[in-house]
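Some notes on the structure that comes next.
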Protein chains: 2
Amino acid sequence: MNQVKMAPMTRMHGSIRQPPDSREGLVDTLVTASFVVMAVISRIGAAHELSLSMVRLLGILRDRRPRMAELAEYLGLEKQTMSGLVARAEKRGLVARVPNEDDGRAVDVVLTDDGARLLHELRARGRAALAPLVANLEASEQQLARDLLQRLFRGSRG
Amino acid sequence: MNQVKMAPMTRMHGSIRQPPDSREGLVDTLVTASFVVMAVISRIGAAHELSLSMVRLLGILRDRRPRMAELAEYLGLEKQTMSGLVARAEKRGLVARVPNEDDGRAVDVVLTDDGARLLHELRARGRAALAPLVANLEASEQQLARDLLQRLFRGSRG
DNA sequence: TATTGTTATACTCTATAACTATA
DNA sequence: TATAGTTATAGAGTATAACAATA
């Protein structure tokens, strides 16, 4: 049971770095690219002691005023988890809970001015961090890549 | 202090869904796309009670035999965090610790057969989940998108 | 009765600090 | 003395279950 799988040792020792495999398909490339982008966002968030979920929470609130249940569904979290995340963000002065006007049970979540300022800085740092990658493409290719990605993920919500 | 920012209420109530903003740049599109991909991977991992870090750990071990310190550096985690993550994976029979032959202090981490099987299934499910998105593009466009992404992230490690 | 949200509890994930063993 | 890894501890993030308030 659970016998250790011994892969051929050729190229297995030494550096962990691997040359990009140009034979890999679009899905693998998307996954690899996404991990790189997430690492960048995670590092920028960590510099402000923000988890990925917290960064995403702030990003969602930039131009929306969802209630708790909507946030939970959007982030793919349980409502209890959402309560905790919003509570910690509120404790830090980044968001505020506002009673919903139409439904006495519901709570809307909004950015505070401090939260909006922090989000603005995070976005600026994200653009700066990813700029060197974007610079690997010509301007016309950047636009093409953007259009292709937007068509790929049309109908998806991030 | 921390006064609540009251954005204009136009279109603020109701659904949280937003139409894609075709004016957004490549960086914003990349971030949005990455969150979608991460959500897919996270959901598939969660179905097997695997965190994103655990999924990524298994993925790295597919064709590599890194030591603990290399894994930590690769995943962007502290070595202590790495010890815990590997310990939990080992407890579940997914990976094994093997003493490094050249350095008595070092420990190599390898996939077990069970771990390799699980990783294989995760990758199949990932491909299936992302297939509908890929199908939004023609075959030639898929190849173009893949090439552009590979050039974007050349030199990056995921 | 169903829905919205919070509280209680437990486990994973992560980091900082202190430690052991080897180089 | 420096490096590789583990253990101890604490807090964030997550889920399941039980609860209170409103619809």
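Chain identifiers are assigned alphabetically (A, B, ...) following the order of the sequence lines, protein sequences preceding nucleic acid strands; residue numbering begins at 1 within each chain.
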Note, B/Val55 side chain near B/Ile44 side chain (heavy atom, < 4.5 Å)
no
Specify the separation, in whole Å, of atom CD of A/Gln80 and atom C1' of C/dT9.
12 Å
Find the distance B/Glu73:CD to D/dA4:P and express it as a whole number of Å.
12 Å
Rounding to an integer number of Å, can you tell me how far B/Leu85 CG sits from D/dT6 C1'?
15 Å
Examine distances only and state if a side-chain atom of A/Gln142 and a backbone atom of A/Val134 form a donor-acceptor pair shorter than 3.5 Å.
yes
N/O (side chain, B/Arg97) to phosphate O (OP1/OP2, D/dT6) under 4.0 Å
yes
Return yes if the base of C/dT12 and the side-chain atoms of B/Arg88 contain a donor-acceptor N/O pair under 3.5 Å, otherwise no.
no
Any donor and acceptor pair, going by atom type alone, linking the side chain of B/Thr112 with main-chain N or O of B/Leu94 inside 3.5 Å?
yes
Verify, without hydrogens or angle tests, whether B/Arg64 (side chain) and B/Ile60 (backbone) share a donor-acceptor contact under 3.5 angstrom.
yes
Does A/Ser51 have a side-chain nitrogen or oxygen under 4.0 Å from the phosphate oxygens OP1 or OP2 of D/dG13?
yes
For the side chain of B/Arg105, counting heavy atoms from C-beta on, which of D/dG5, C/dT14, D/dT3 is nearest?
D/dT3
Looking at A/Thr81, I'd like to know whether one of its side-chain N or O atoms comes within less than 4.0 Å of OP1 or OP2 on D/dT14.
no
Between P of D/dT14 and CG of A/Leu71, the distance in whole Å:
13 Å
Length of the line joining B/Leu75:CG and C/dT12:P, which is rounded to integer Å
18 Å
Taking atom P of C/dT22 as reference, at what distance in whole Å does atom CD of B/Glu101 sit?
17 Å
Kindly indicate whether the side chain of A/Leu133, heavy atoms from C-beta on, has any atom under 4.5 Å from the side chain of A/Val37.
no
Toward the 5' end of DNA chain D, by each residue's nearest nucleotide, B/Arg67 or A/Asp103
B/Arg67
Spacing between A/Lys79 atom NZ and D/dA17 atom P, to the nearest angstrom:
13 Å
Mind checking if A/Gly104 touches a base, just sugar-phosphate, or nothing, with heavy atoms under 4.0 Å?
sugar-phosphate
Does A/Ser53 reach a base, just sugar-phosphate, or nothing at all? Heavy atoms under 4.0 Å.
sugar-phosphate
When rounded to whole Å, the CD to C1' distance for the pair B/Glu78 and C/dA18 reads 15 Å
